[in-house]
Amino acid sequence: MTPNARERTTQVTVARTPAPSKVLRTEYQKSVASYWNLEKDPVNLRLGDVDGLYHHHYGVGEVDWSVLEGPESTRDERIIAEMHRLETAQADVLLDHLGDVKPDDRLLDAGCGRGGSSIMANARFGCHVDGISISEKQVEFANHQANVRGVADRVRYHFRNMLDTGFETGSRKGIWNNESTMYVDLFELFAEHARQLEFGGRYVTITGCYNDVTGGRSKAVAQIDQHYTCNIHPRSQYFKAMTANDLVPISVVDLTADTIPYWELRAKSSVATGIEGPFLDAYREGSFHYLLIAADRV
């Protein structure tokens, strides 16, 4: 999509609920939706069972390696709880960069997964949060969790496409993607985000991106792409697409070193999926970076 794609500013009502055929517009989107509709990976579900916050992203921070000590019968339970602490800490880092959010503001969680970050945002700011996913199963699960927690009046999840949400122009104080940008074209995504953000609104993403300096996708990065049916972007593409869509970076944080301990612990857990090796190889060899980028809509 061309950089001026943001000029598509036709306003629609928030209540619009698109038919599946309007949400899933390509065969690739259908394949991604099918993957997440069928996904019941313990690395997501068992961690969420710890406290009812279900995430679909990785963790950051120092590991409490004492979880490997103590009774063997409860070792895995301790590891699971520690991994969940690290992934919740990652969500907190993202929310730290959203700026001054008031209770009357509206936020958008683009690619919300099972909804944990949206619930955390509401708990912190008291604001309205809409989460969107192209997985109907994720949306159903997340809305159930919002009901269970008694926040469904302020946290709602929708079966919508992040490239064309149907939400009103200029209606969002903040928008974030947490490890979901690798499923879409960045110029198209940031055009839609810029349309929805109010002037001065904040966009934040935490994402994995491959290192332009190393000259393309390494073998390890290609393995990650294949595992998650995604298309990891080069680091430079984020800044090019932001610049083209009036999003000016205010903060860039390299979280690569902070996420390696999570992967080292995950490799020792019962919920390891086999992708831990490629992640660790890619991070350690420098072909893959884990970045937080915060940008203002100007």
Side-chain angles (χ1 to χ4, degrees), residues 28-29 31-50 53-63 65 67-68 75-76 78-91 93-94 111-114 116-117 133-135 137-138 177-184 205-211 214 216-235 254-292:
Y28 174 68
Q29 289 175 1
S31 70
V32 171
S34 177
Y35 174 90
W36 289 111
N37 281 333
L38 296 173
E39 182 269 338
K40 296 181 180 178
D41 200 323
V43 78
N44 294 317
L45 293 171
R46 282 195 61 196
L47 272 63
D49 287 344
V50 171
L53 283 175
Y54 293 86
H55 299 297
H56 278 269
H57 57 256
Y58 312 127
V60 295
E62 291 297 322
V63 170
W65 291 106
V67 297
L68 301 182
R75 180 177 184 268
D76 195 58
R78 296 192 302 274
I79 293 175
I80 294 295
E82 179 65 0
M83 288 173 61
H84 182 61
R85 183 185 69 81
L86 295 171
E87 64 176 2
T88 298
Q90 188 262 28
V93 170
L94 187 152
C112 62
R114 289 186 171 94
S117 297
S133 173
I134 60 172
S135 165
K137 293 296 185 181
Q138 287 184 343
N177 287 95
N178 199 349
E179 296 180 15
S180 55
T181 53
M182 61 286 298
Y183 289 101
V184 294
T205 184
I206 294 182
T207 187
C209 51
Y210 73 78
N211 187 354
T214 60
R217 289 177 177 80
S218 64
K219 179 181 178 181
V221 170
Q223 289 175 300
I224 297 168
D225 267 344
Q226 183 177 18
H227 183 86
Y228 290 109
T229 319
C230 65
N231 182 30
I232 293 168
H233 303 292
R235 179 179 57 190
D254 186 353
L255 296 171
T256 306
D258 295 310
T259 196
I260 287 176
Y262 162 87
W263 287 98
E264 291 173 333
L265 180 63
R266 176 167 156 169
K268 300 178 182 295
S269 75
S270 65
V271 296
T273 63
I275 199 61
E276 292 77 18
F279 267 95
L280 287 168
D281 289 344
Y283 286 141
R284 288 167 176 163
E285 72 189 10
S287 66
F288 192 45
H289 291 154
Y290 195 52
L291 293 187
L292 179 148

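- Using a 4.0 Å cut-off between a side-chain N of Lys or Arg and a carboxylate O of Asp or Glu, E87 and R266 do not qualify as a salt bridge.
- The aromatic rings of Y283 and W263 sit tilted, their planes meeting at an angle between 30° and 60°.
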Intermediate values then yes/no, side chain to side chain contact (heavy atoms under 4.5 Å, CB included), H84 and L53
CA-CA 9 Å; H84 182 61; L53 283 175; 4.2 Å; yes

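- Of the N and O atoms on the side chains of S135 and N37, at least one donor lies less than 3.5 Å from an acceptor on the other residue.
- Pairing each heavy atom of T205 with each of T207, the nearest pair is OG1-CB, 3.9 Å.
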Evaluate the side chain to side chain contact (heavy atoms under 4.5 Å, CB included) criterion for residues D225 and R217: first the C-alpha distance (whole Å), next the side-chain angles of each, then the deciding distance (0.1 Å), finally the verdict.
CA-CA 10 Å; D225 267 344; R217 289 177 177 80; 2.9 Å; yes

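- H55 places no side-chain N or O within donor-acceptor distance of the main-chain N or O of L47, the cut-off being under 3.5 Å.
- For the pair H233 (side chain) and V184 (backbone), a donor-acceptor distance under 3.5 Å is present.
- Of all heavy-atom pairs between E179 and Q90, the closest is OE2-NE2, 3.6 Å.
- Taking each heavy atom of T229 and Y35 in turn, the nearest pair found is OG1-CD1, 4.1 Å.
- What you find for T214 and G286 is that their closest heavy atoms are CG2-O, 3.8 Å.
- Within the 3.5 Å criterion, the main-chain N or O of S270 finds a donor-acceptor partner in the side chain of D76.
- Ion pair K219/E285 not flagged as a salt bridge, since none of the NZ, NE, NH1 or NH2 atoms sits closer than 4.0 Å to an Asp/Glu carboxylate oxygen.
- The shortest non-hydrogen separation linking C209 to L291 is SG-CD1, 3.7 Å.
- For the atom pair NE2 (H227) and CD1 (I275), the distance works out to 5.0 Å, reported to the nearest 0.5 Å.
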Should V63 and E264 be marked as a side chain to side chain contact (heavy atoms under 4.5 Å, CB included) after you check the CA-CA gap, both sets of side-chain angles, and the distance that decides it?
CA-CA 9 Å; V63 170; E264 291 173 333; over 6 Å; no

Can you check side chain to side chain contact (heavy atoms under 4.5 Å, CB included) on L265 and W65, steps first, answer last?
CA-CA 8 Å; L265 180 63; W65 291 106; 3.9 Å; yes

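- Side-chain contact between R85 and V50 is absent, with no heavy-atom pair separated by less than 4.5 Å.
- The aromatic rings of Y58 and Y290 sit tilted relative to each other, their planes meeting at an angle between 30° and 60°.
- Expressed to the nearest 0.5 Å, how far OH of Y183 lies from CG of N177 amounts to 12.5 Å.
- Considering OG1 of T181 and CD1 of I206, their distance stands at 11.0 Å, rounded to 0.5 Å.
- Annotation: the span from I224 atom CD1 to C230 atom SG amounts to 8.0 Å, rounded to 0.5 Å.
- Distance CD/E39 to NZ/K137: 13.0 Å, rounded to 0.5 Å.
- In this structure, V271 and M83 have side chains that are in contact, with non-hydrogen atoms separated by less than 4.5 Å.
- Once rounded to the nearest 0.5 Å, the distance linking OG of S133 with CZ of R114 reads 9.5 Å.
- The two residues V67 and R78 make their nearest non-hydrogen contact at O-NE, 2.9 Å.
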